[in-house]
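Okay, so here's the structure we're looking at.
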There are 2 protein chains.
Amino acid sequence: MDVAGHSGAPAYQRIAATYRNKIISGELRPGDQLPTEHEITELFGVVRQTVRSGLSVLVTEGLIVARRPHGYFVRQREHMVYRPQQKSRPRPATPEMDRFSQQIVAEGRTPSQLIEVSLVQAGPELAERLQVNPGDTIVARRRVRFINGEPTNINDSHFPLDLVRDSEIMSPAYLSRGTDQVLAELGYRQDYAIDEIFVRMPTPDEIHRLNLGPGTPVATHYDTGYTAAGQAVQCTVNVLPGDRHKIVFERQWQDDPGN
Amino acid sequence: MDVAGHSGAPAYQRIAATYRNKIISGELRPGDQLPTEHEITELFGVVRQTVRSGLSVLVTEGLIVARRPHGYFVRQREHMVYRPQQKSRPRPATPEMDRFSQQIVAEGRTPSQLIEVSLVQAGPELAERLQVNPGDTIVARRRVRFINGEPTNINDSHFPLDLVRDSEIMSPAYLSRGTDQVLAELGYRQDYAIDEIFVRMPTPDEIHRLNLGPGTPVATHYDTGYTAAGQAVQCTVNVLPGDRHKIVFERQWQDDPGN
DNA sequence: GAGTGGTCTAGACCACATC
DNA sequence: ATGTGGTCTAGACCACTCT
């Protein structure tokens, strides 16, 4: 079972297991420093490369981070709550902020955004969801959201070009009433949405935009909106770093009470 | 931007970027074999350890797998659809299978399960959700679900001991009508649930139970059920390997149509 | 037996932040 | 200047599977 703990296991796995157990058991707490590579070398009687192999296991597991030139530290994580359900609830009549910003301000933190609008060719993933052909031109409204100056998630909205040509959505300015409202004004009222969540390791581009550390997986949330007639009007790709978010929603029971 | 592509980047990053780009662009397709470590050594003019560093980046990104003694191959993934919403919908009157098994059979595949029931002490995560004190004894009904003999997800249900003592839930047998129904018969009808999804790298135990490859993150889905009075009656922890699942749910709009 | 990846040793030089 | 982790070389032996 606990193969890595066996004395027959490779040395680097024993090193990883040793410090993993100390972290899980609470002996090492978030923010605590591990021994240096040099010290672990002497503790286990192996060369530095072997120590590095062991620690790299814990780095890719997201348990520790290297802070040069200080050493390795137990990682701490703080999850912001992400509620996909709330997107389909009414907003205040005259909103000054989108829902993300409202939530952050309510938590006493400072939100900011970087918005970038461009015309791109639809890849297969987006083409299928937006009911267009791969390679068709679509509008991408790319946004990185920050909390207290730290990049926190990616929110890239995509629209079929025909729907939003010459509308406000084409401007890289902040739309306080939200793109859904603009779409509704253009005659494309969103009636229902399909949410898909994938879990994977980030691409180098995502690592760069979100300033992700090694061993940080991401959730990709595809939110595809449709009119009552079933026409796709937008597909938003949210990329949520696993160490900064938890996804929350609620369900009411629909059982027959006589059951 | 594409730092790893710069000629100034470390050799192992250039190697990783080279094959990552070939995979993303489609030049290398799922199932294709990469050159051997020895061949890449000659292609880049570096020693084997450096090649291994580069390839290990792609392994931990989940893009490739090592199949000894054949070589490295581009990984292929197949996502089963996971619908947390369906848990709160009525089932057929006389179910012979749980929802998971129903779906798998409908897809023409063969489900199976390993069930294990035990009494455990609640850790802080479960204690908080089940409204008990940390260290209190709770009932854990642990289940690994298989498709065609391959482990696919973990489904561990937890109950306060007082609620289910001496009930069928304590037996490690398959309950075709579901534990929710058994709880309802005991007088604890579930009225609503809160779902929380975390994204992280798996623990060694999860790697073992689910036979996970390196670079595979997991989603942890906490499904906590409450009676109408707000009493927590169960907390189920689903562990979903990222390379085998996508999470899907739907939303109807709740806007005021006059908006 | 040949070839694959898995592990390990014993060195070396570097960039970087702190003292 | 010191000490940290980051990268790299040049070897070695091993377990495993295919032929």
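Throughout, protein chains are lettered first and strands after them, A, B, ... in sequence-line order, and every chain is numbered starting at 1.
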| said: Once you measure the plane-to-plane angle for Tyr19(A) and Phe44(A), does it fall in the parallel (<30°), tilted (30-60°) or perpendicular (>60°) bin? | reply: tilted
Give the nucleotide from the list [options] with an atom nearest to the side chain of [X].
X	options	result
Glu37(B)	dG6(C), dC8(C), dG5(D)	dG6(C)
Pro10(A)	dT7(C), dG3(D), dG5(C)	dT7(C)
Gln49(B)	dG5(C), dA12(C), dT9(D)	dT9(D)
His70(A)	dC8(D), dT9(C), dT18(C)	dT18(C)
Arg68(B)	dT17(D), dT4(D), dG5(C)	dG5(C)
Thr36(B)	dT4(C), dT7(D), dT9(D)	dT4(C)

| Sugar-phosphate, base or nothing in reach of Arg67(B), heavy atoms under 4.0 Å | nothing
| said: Considering every strand and a 4.0 Å limit on heavy-atom distances, what is the contact class for Arg52(A): base, sugar-phosphate, or nothing? | reply: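 Base contact.
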| query | Taking OP1 and OP2 of dT7(D), is either one under 4.0 Å from a side-chain nitrogen or oxygen of Thr50(B)? | reply | no
| query | Think Tyr72(B) has a side-chain N or O under 4.0 angstrom from the OP1 or OP2 of dG6(C)? | reply | yes
| query | Can you check whether Leu240(B)'s main-chain N or O pairs, donor with acceptor, with Arg244(B)'s side chain at less than 3.5 Å? | reply |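 No, because the side chain of Arg244(B) does not come within donor-acceptor range (under 3.5 Å) of the backbone of Leu240(B).
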| query | Do Pro217(A) and Met201(B) come close enough that some side-chain heavy atom pair is under 4.5 Å? | reply | yes
Tell me the interatomic distance from [X], atom [atom1], to [N], atom [atom2], rounded to whole angstroms.
X	N	atom1	atom2	answer
Glu42(A)	dT4(D)	CD	P	10 Å
Gln13(B)	dC8(D)	CD	C1'	13 Å
His38(A)	dG6(D)	NE2	P	17 Å
Leu58(B)	dG5(C)	CG	C1'	16 Å
Arg48(A)	dG6(D)	CZ	C1'	7 Å
Gln33(A)	dT18(C)	CD	C1'	13 Å

| query | Between Tyr12(A) and Pro69(A), who's closer to the 5' end of DNA chain C by nearest nucleotide? | reply | Tyr12(A)
| task | Nearest 0.5 Å please: distance from the OG1 atom of Thr224(B) over to the CD atom of Gln234(B). | result | 7.0 Å
| field | Leu58(A) versus Ala16(A), closest heavy-atom pair with distance | value |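 Minimum heavy-atom contact is CD2-O, 3.6 Å.
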